[in-house]
**Student:** 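Okay, here's the structure, questions in a sec.
Both backbone and side-chain heavy atoms feed into the values below; hydrogens, waters and symmetry mates do not. Letters A, B, ... are given to chains in the order of the sequence lines, protein chains preceding strands, and every chain is numbered from 1.
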Amino acid sequence: MEVFKNVLCPFCGCCCDDLEVEVDSNKIINVKNACALGRGKFLSIGEHRLLKPLVKVDGELVETDLEKAVEKTVEMIKNSSYPVFYGFGCASCEAIKLCLEMADLSGGLADNISVVCHGPTILGLQDMGIPSATLGQIRHRADLIVYWGCNPVEAHPRHTIRYGPLSSGRFVTGRKSRRMVVIDVRKTPTATMADVFMQVKPNSDFEILTALRALVNDLDLEVEEVDGVPVAKLEELADMMINAKFGALFFGLGLTMSYGKEHNIEAAIALVRDLNKKTKFVMIPMRGHFNVTGANEVFTWQTGYPFCVDFSMGYPRYNPGETSAVDVIARGECDLLFIIGADPCSHLPHYIVERLKNVKLVVLDPSITPTVKMADVAIPVAYVGIEASGTAYRMDGVPLQLRKVVDPPPGILSDVDVLNRIVRRLK
Amino acid sequence: MSGKLLIKNGFVFDPVNGVDGEIMDVAVENGRIVEDVRGTDVRVIDATGMVVMPGGVDVHSHIAGSKVNSGRALRPEDHYRDYEIRRPGLRSGVGYTVPSTFVTGYRYARMGYTTVIEPATPMLKQRHTIEELNDIPIIDKASFPLMGDCWFVMEYLEKNMLKECAAYAAWLLKALKGYALKIVNPGGLESWGWGRNVRGLDDNIPGFNLTPREILRGLCKVNQMLNIPHPIHVHANRLGQPGNYQTLIETMDCVRDLYNGTKPVIYLTHCQFNSYLGESWIELSSGAPEVADYVNKHPHVVIDIGQVIFSSATTMTADGPFQFQLHLLTDYKWVNADVECETSAGVVPFKYKKRSYVHAIQWITGLELALLIKDPWRVFLTTDHPNAGPFTEYPRVVGWLISRKAREATMKKVNARALKRTMLDSIDREYNLYEIAIVTRAGTAGILGLKSKGHLGVGADADMAIYDFNPRNIDLSRDYKLVRRALRRAAYTIKTGDIVCVNGEIVKSTEGAILWVNPSVSQDLENAVVSDIRRRFRDNYTVEFENYLIDESLLINSRPLKIKGGV
Amino acid sequence: MKIYQITPAYDFKLPIVADIAKPELFEEKQLSEVLNVEVYEGNRRKRFGELFKVKEAGEAEETTLEFIGDFSKVRRIGRRMSRGIIRVKGTAGIAFGEAMKGGRIIIEGLAGPWLGAKMRGGSIEVYGDAEGFLGGAYRGENIGMRGGSIVVHGKAGWNVGYKMKNGLIVVESDIGGFPGVHMSGGTVYVKGGCGRGAGAFMKNGRIIILGYIPSILASFSFEEIRASIRVEAERLKGRFYTFVGDLSEKGSGRLFVNADSNRHLSFYEQLIEEL
């Protein structure tokens, strides 16, 4: 038996890098230090595996070899007048680079799944900036931690222990020396841990944030309650924020995807920014997939834009709403969709999935997903971070190495190797 | 790169070898300068009537890493109108102040620059910096880790454990593939962890029993002990504050006694931002004469100017408290990015306007520094890209240096009150091409300790720039616009013997190397320090020790520099 | 001056960027040259004449382009136009009339998002609905509409007047949330109702809502009740609650809300007595 130490968990944006994986005869038999979600991923990689490349012939998916599948993919990309390359939540940075090269070479559109999760965070940032920090800064210094519209106990299980209220740092040690606030539309398991839980009505986040910011800026409010929350309670929270020596705001899809979207984030940024006039305060988005942050980083350094990049006119163009993959698909504008590290047929709204019926579909995935079942070409790949190495970025932008602990099933390559074959032929 | 090249009949400017515009041939084989090349396979470039120089070496330009990328993401409006269309063999991308990686490489090569230093990278995010450097084509590059406010460094210095500190610094450079020690606003970044700043060299740093002065002196000694080729690279305290020239001079002076008469011991970067006289913004004036006077009298100091260009800019530094002040001053959007146990960073867009009194003072201060410091080997041309302006505007700065007329043309348009309160108008000095070659390549390569760069002697890297203007037929001062144009688009850029650019168009994209240093440390000392660091690593960081290291295999083209001496 | 009728040569599926299509092009070039101008359809370069049928259809005082049919896939028509008339009988695509400086655009049908984005002058009239970012800016930019006027006779989407600095936007029916967000000048006048977030981050300018508004942001302060408001030559009569904001941005914009359609805001009237 072999034990791999310091393994990065390829599940959520926490990117815990202290896992111990026990491997015997190329089989993972145990995972230590991981949460149930991460552990589950390591132990279930054998399930529903896509083991052979598939090509659609007369409406039926039939097995083929890698060469033929690659050839067919290259032909489809070359013939496409507007290919869309989408996904990248669960791909390594190395694979993302190759996809961007493909999009650049073929005049396509490249977009990552942040368009359906933290895209509004990016848009908010582009208007306001963002006062942020790495997670360790919070562990060492934060005496106030606010979770807004996110539920780490269920979605990022080790967040509170490694980086949040339960962590122990140099200047602030342990839960007792920190205050924890949760703001959400329902009492989540995270909320039960909090010192203060403020329940808000759905879609009222913008109003509440605006009111808080006004209070932080010493304005008198002319109302007694804001969307059902008494102003006295908001005043308490504002005071708590101002009086913190170091405050941190974590926010999730409850904020980015509710009414107001990017404006909610702008309001949160404006609040945190103004708090910095009185104390120290930072904010970090709770990114979902383990490398969606990396997708934004690679997109940005290669093209200048974090997502929604359209190369169709020979250079990067950016206008989310116009050049965002989901909108392009919804408007029925693309003729080829190339997917890697995502399963849009399970996650996108039904009316958009309907549109995919008229679009050629290429999918690279380790397992048989609903998207694979709809594909014209499906190519199996290794699980990155388990069967292949690479680079991923934690939710706070810290780059880390994904490790290979077992070999993929026979004949299956990493996504990087498959993409390299495609890119070589496109050149 | 194995190709043979002969560059014939150019006016060669090679200050390291004392060549000042003489008509010479330069021969290249296997990527290096050779005595002569022969054979039928020699490619001849006729450089008759052109200027031949070593490839440009930029000692301080923010081109890669997490804060640069934050700047790119923050500013889509910076890119919309400035883009490069994909061409066969080349990638597309965008500018303007924060260009994408491919465009960064192309644009430097287009100006005849072949080596560029990213001067501030947080160690925890070094992998990011390396990934971006890998994606910058053609040019060679290196990065300086931000060690000044690193907890391990501060703890060793607190306990006066210099040897251990040196061993730690050496290990960091080696483990993270860094090139020199960078110090930004010493003590100020740790203070910024609490939303505060330090006010001078002798403030106590919150949470530590240490002062900025002790960090500077400690790391300066460490640098000497390790024999690192580049001196400590310092962004001084109180950057961007009126009256800060005194702090700058104090910073220079605090390591004066460590100079042993051989090589400079401290490098002060973008000094323009630290050379302000006056108590407030209203009274702001240039402190360049005072700073230049100090530099002229003290050979232990080297600086670069950080010249302001009147254009849009994106300010980005590890100086978190400064960036926040700039945000408060301008109300422009603001990114802050503190890094645990190490540093902070901030990004704020900016625009330098000719009519603004303060901006005009800044422009004047930079030029005064360049013109009043007599020894061109100790003052270098930078714009602290993209803080004071994008690197693509270097030819404009050269124009101001070589031509009083060029300065006058700009002075006509800048804030008149600023001119009245400064002495720029009374300076007649004009740089010649020999001096330009020093401040843009020979001198910068020298201070970086890059022995095979910045000159055209036998054995040097065949990195060259050929500019299409005839220095004997024109008057630099009068025809500065012609020179400026030629510098914007090199007639040829040669990188490691490859012709990568012809008439300002990139013709070939190559992989530049990443340079890093590997200092010598005795095995026992290294083992002791590494095991100490490893033991305490989890207390400090939220990542594991092993995942902090950068394997050399991550560098597409790695070029380590083994250093003799050490501890 | 001539009138040109332009129709799609076939049903478009791919996005087309036709930012060169404006009256100036037809004045400066022969029709045969216009037909040869290159336009992107997806990632393919096509000739204008391959994508569009163009015919001359009489004379008018100003050069007039009549787009007849479904142009919903065609983007940026009329970009930076400074004179002449564009008339759409059908559907207009994204960013129609982007950064226009003068002339007139009339859309008899639906318009896409970013209609009149960053407009500087001239007029746009829509006899149908418009989508989001009406007269807006693009991401990261500081300023959207700087001048001119946009009148929509139907509904409009979110972020009407996004980052607007000057000019007038009139929408006769309901609009989505966040009208006048980041506004620094100009007037957004909505005869219908709007969603939440009106005037968020506004520094200056005016927003007038005649219909229902769900709530007033806490960073706005009640100022007075006005009996009339002037919009260009028109004088609106009624009872208008007037709010100042966004105070967190140190803004002095005005938000006027019709009292009669917003009885749930009547509690503000108590503040008058206190004032």
**Student:** For a 4.5 angstrom cut-off between non-hydrogen side-chain atoms, does A:Leu100 reach A:Phe85?
**Tutor:**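 No, their side chains stay 4.5 Å or more apart.
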**Student:** Find the one option among A:Leu123, A:Val223, A:Val328 whose heavy-atom pairs under 4.5 Å with chain C are most numerous.
**Tutor:**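 Heavy-atom pairs under 4.5 Å are most numerous for A:Leu123.
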**Student:** Return the set of residues passing side chain to side chain donor-acceptor pair (under 3.5 Å) with C:Arg206 (not counting sequence neighbours), or none when no residue passes.
**Tutor:**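 So C:Arg206 forms a side chain to side chain donor-acceptor pair (under 3.5 Å) with C:Thr187.
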**Student:** Under a 4.5 Å heavy-atom cutoff, which of A:Gly332, A:Ala211, A:Pro320, A:Gly321 has the most pairs with chain C?
**Tutor:**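 The option with the most such pairs is A:Pro320.
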**Student:** Are the side chains of A:Ile77 and A:Val362 in touch, meaning some heavy atoms are under 4.5 Å apart?
**Tutor:**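 Not in contact.
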**Student:** Using non-hydrogen atoms only, which part of A:Ala267 is less than 4.5 Å away from chain C: side chain, backbone, both, or neither?
**Tutor:**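 A:Ala267 touches chain C through backbone and side-chain heavy atoms alike.
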**Student:** Would you mind reporting whether C:Met145 and C:Asn166 have side-chain heavy atoms less than 4.5 Å apart?
**Tutor:**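 C:Asn166 does not reach C:Met145 side chain to side chain.
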**Student:** Filter on salt bridge (charged side-chain N to carboxylate O under 4.0 Å, His left out), then keep only pairs touching residues 112-125 of chain A, sequence neighbours left out; what's left?
**Tutor:**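 Sorted pair list comes back empty.
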**Student:** For C:Ile94, is it the side chain, the backbone, both, or neither that has a heavy atom closer than 4.5 Å to a heavy atom of chain A?
**Tutor:**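 The side chain, not the backbone.
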**Student:** Show me the donor-acceptor pairs under 3.5 Å between chain C and chain A.
**Tutor:**
{"residue": "C:Asn43", "atom": "N", "partner": "A:Ser81", "partner atom": "O", "Å": "2.7"}
{"residue": "C:Asn43", "atom": "ND2", "partner": "A:Ser80", "partner atom": "O", "Å": "3.4"}
{"residue": "C:Asn43", "atom": "ND2", "partner": "A:Ser81", "partner atom": "O", "Å": "3.4"}
{"residue": "C:Asn43", "atom": "ND2", "partner": "A:Ser106", "partner atom": "O", "Å": "2.7"}
{"residue": "C:Asn43", "atom": "ND2", "partner": "A:Gly107", "partner atom": "O", "Å": "3.2"}
{"residue": "C:Arg44", "atom": "NH2", "partner": "A:Lys78", "partner atom": "O", "Å": "3.1"}
{"residue": "C:Arg44", "atom": "NH2", "partner": "A:Ser80", "partner atom": "O", "Å": "2.6"}
{"residue": "C:Lys73", "atom": "NZ", "partner": "A:Arg331", "partner atom": "O", "Å": "2.7"}
{"residue": "C:Lys73", "atom": "NZ", "partner": "A:Glu333", "partner atom": "OE2", "Å": "3.4"}
{"residue": "C:Arg75", "atom": "NH1", "partner": "A:Glu322", "partner atom": "OE2", "Å": "3.4"}
{"residue": "C:Arg75", "atom": "NH2", "partner": "A:Glu333", "partner atom": "OE1", "Å": "2.8"}
{"residue": "C:Arg75", "atom": "NH2", "partner": "A:Glu333", "partner atom": "OE2", "Å": "3.2"}
{"residue": "C:Arg76", "atom": "NH1", "partner": "A:Glu322", "partner atom": "OE1", "Å": "3.3"}
{"residue": "C:Arg76", "atom": "NH1", "partner": "A:Glu322", "partner atom": "OE2", "Å": "2.7"}
{"residue": "C:Arg76", "atom": "NH2", "partner": "A:Glu322", "partner atom": "OE1", "Å": "2.8"}
{"residue": "C:Arg139", "atom": "NH1", "partner": "A:Glu262", "partner atom": "OE2", "Å": "3.0"}
{"residue": "C:Arg139", "atom": "NH2", "partner": "A:Glu262", "partner atom": "OE2", "Å": "3.2"}
{"residue": "C:Asn159", "atom": "OD1", "partner": "A:His263", "partner atom": "NE2", "Å": "2.6"}
{"residue": "C:Tyr162", "atom": "OH", "partner": "A:Asp127", "partner atom": "OD2", "Å": "2.7"}
{"residue": "C:Lys163", "atom": "NZ", "partner": "A:Asp127", "partner atom": "OD1", "Å": "2.3"}
{"residue": "C:His182", "atom": "NE2", "partner": "A:Glu266", "partner atom": "OE1", "Å": "2.3"}
{"residue": "C:Arg196", "atom": "N", "partner": "A:Tyr259", "partner atom": "OH", "Å": "2.9"}
{"residue": "C:Arg196", "atom": "NH1", "partner": "A:Asn203", "partner atom": "O", "Å": "3.4"}
{"residue": "C:Arg196", "atom": "NH1", "partner": "A:Glu207", "partner atom": "OE1", "Å": "3.1"}
{"residue": "C:Arg196", "atom": "NH1", "partner": "A:Glu207", "partner atom": "OE2", "Å": "3.2"}
{"residue": "C:Arg196", "atom": "NH1", "partner": "A:Asp227", "partner atom": "OD2", "Å": "3.0"}
{"residue": "C:Ser215", "atom": "OG", "partner": "A:Glu207", "partner atom": "OE2", "Å": "2.9"}
{"residue": "C:Ser221", "atom": "OG", "partner": "A:Glu222", "partner atom": "OE2", "Å": "2.6"}
{"residue": "C:Phe222", "atom": "N", "partner": "A:Glu222", "partner atom": "OE1", "Å": "2.6"}
{"residue": "C:Phe222", "atom": "N", "partner": "A:Glu222", "partner atom": "OE2", "Å": "3.2"}
{"residue": "C:Ser248", "atom": "O", "partner": "A:Arg213", "partner atom": "NH2", "Å": "3.3"}
{"residue": "C:Ser248", "atom": "OG", "partner": "A:Asn217", "partner atom": "ND2", "Å": "3.4"}
{"residue": "C:Glu249", "atom": "OE2", "partner": "A:Arg213", "partner atom": "NH1", "Å": "3.0"}
{"residue": "C:Glu249", "atom": "OE2", "partner": "A:Arg213", "partner atom": "NH2", "Å": "2.9"}

**Student:** Heavy-atom distance under 4.5 Å between the side chains of A:Met240 and A:Val146, does that happen here?
**Tutor:**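 Contact flag for A:Met240/A:Val146 side chains = no.
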**Student:** Go through the structure and list residues passing side chain to side chain contact (heavy atoms under 4.5 Å, CB included) with C:Met183, not counting sequence neighbours.
**Tutor:**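 Partners of C:Met183 by the side chain to side chain contact (heavy atoms under 4.5 Å, CB included) criterion, ordered by chain and then number, come out as C:Met164, C:Val188, C:Met202, C:Ile207.
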**Student:** Fit a plane to each ring of C:Phe52 and C:Phe71, take the angle between them on a 0 to 90° scale, and name the class: parallel (under 30°), tilted (30 to 60°) or perpendicular (over 60°).
**Tutor:**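 The arrangement is parallel - the two ring planes meet at less than 30°.
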**Student:** Check whether C:Phe220 gets within reach of chain A through its side chain, its backbone, both or neither, counting any heavy atom under 4.5 Å.
**Tutor:**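 For C:Phe220, the backbone is the part near chain A, not the side chain.
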